[in-house]
Amino acid sequence: MTGERPPYLPGDRAAQDDTARMIRVDQAGEYGATRIYAGQLAVIRRGRAAGAIREMAEQEQRHLAQFDRLVCERRVRPTALSPLWQVAGYALGAATALMGERAAMACTVAVEEVIDGHYAHQAERLGGGDPELAQTIHAARADELAHRDTALAHEAAEAPGYELLSAAIKTGARLAIWLSERI
Ligand SMILES: [Fe+2]
Ligand SMILES: [Fe+2]
């Protein structure tokens, strides 16, 4: 994992590498989120849950578009793992949806909790630096917390085997973050 690094000044090399990594992993994560919801929507097509999932999916598309733009503008190398996230995200979404609407919502809670911690950590690392990136992270983070609340309102925590399911998904999400920062 990342060791402690000294504080940096805007424009220095370490800062640029650091923010490139942040943008890379965030783009990968938002892409993964769109794939999870696509997988869920392939299984859950109508009803109250489908409506909520569709709304969350639309917000993920917006987050992804914002990080896509940052990747282009700043010439960040995207993760090489997007084919993996394409399949793994979709599979996770479809599998949880097949377990039921509550399990699908439990997946959202688990992912969003990990992402919330991830974005909080990034925001802290940026400090006052890079206001454009910080603002993008801040806005996405607020939406992710709203997604978690939506999923909890849809009885995510009543999913069978909630604790185990949640722990497994969180482990996977953390691994995905770790890999996407690096590869
Ligand atoms: Fe998102
Ligand atoms: Fe989200």
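Just so you know, ligand 1 is whichever comes first in the structure, and atom 1 is the first atom listed for that ligand.
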Inset, instruction - Examine all N, O or S atoms of Glu60, backbone included, and report whether one is under 2.8 Å from the Fe ion (ligand 2). - result: yes
Inset, instruction - Answer whether the closest heavy-atom distance between the side chains of Leu133 and Leu126 falls below 4.5 Å. - result: yes
Inset, instruction - Can you establish whether the number of heavy atoms outside Arg77 located under 6.0 Å from its atom CZ is more than 12? - result: yes
Inset, instruction - Report yes or no: do Gln59 and His147 form a side-chain donor-acceptor pair below 3.5 Å? - result: yes
Inset, instruction - Considering just N/O/S atoms, say which atom of Glu30 is closest to the Fe ion (ligand 1). - result: OE1
Inset, instruction - Could you tell me the separation between the CD atom of Gln40 and the CG atom of Leu98, rounded to the nearest 0.5 Å? - result: 10.5 Å
Inset, instruction - Starting from the Fe ion (ligand 2), look over the N/O/S atoms of His147 and name the nearest one. - result: ND1
Inset, instruction - Could you check which N/O/S atom of His63 is closest to the Fe ion (ligand 1)? - result: ND1
Inset, instruction - Examine the side chains of His63 and Glu60 and answer whether a donor and an acceptor come within less than 3.5 Å of each other. - result: yes
Legend entry - Shortest-distance N/O/S atom, Glu112 versus the Fe ion (ligand 2): OE2
Legend entry - Glu144: its N/O/S atom lying closest to the Fe ion (ligand 1) (atom name): OE2
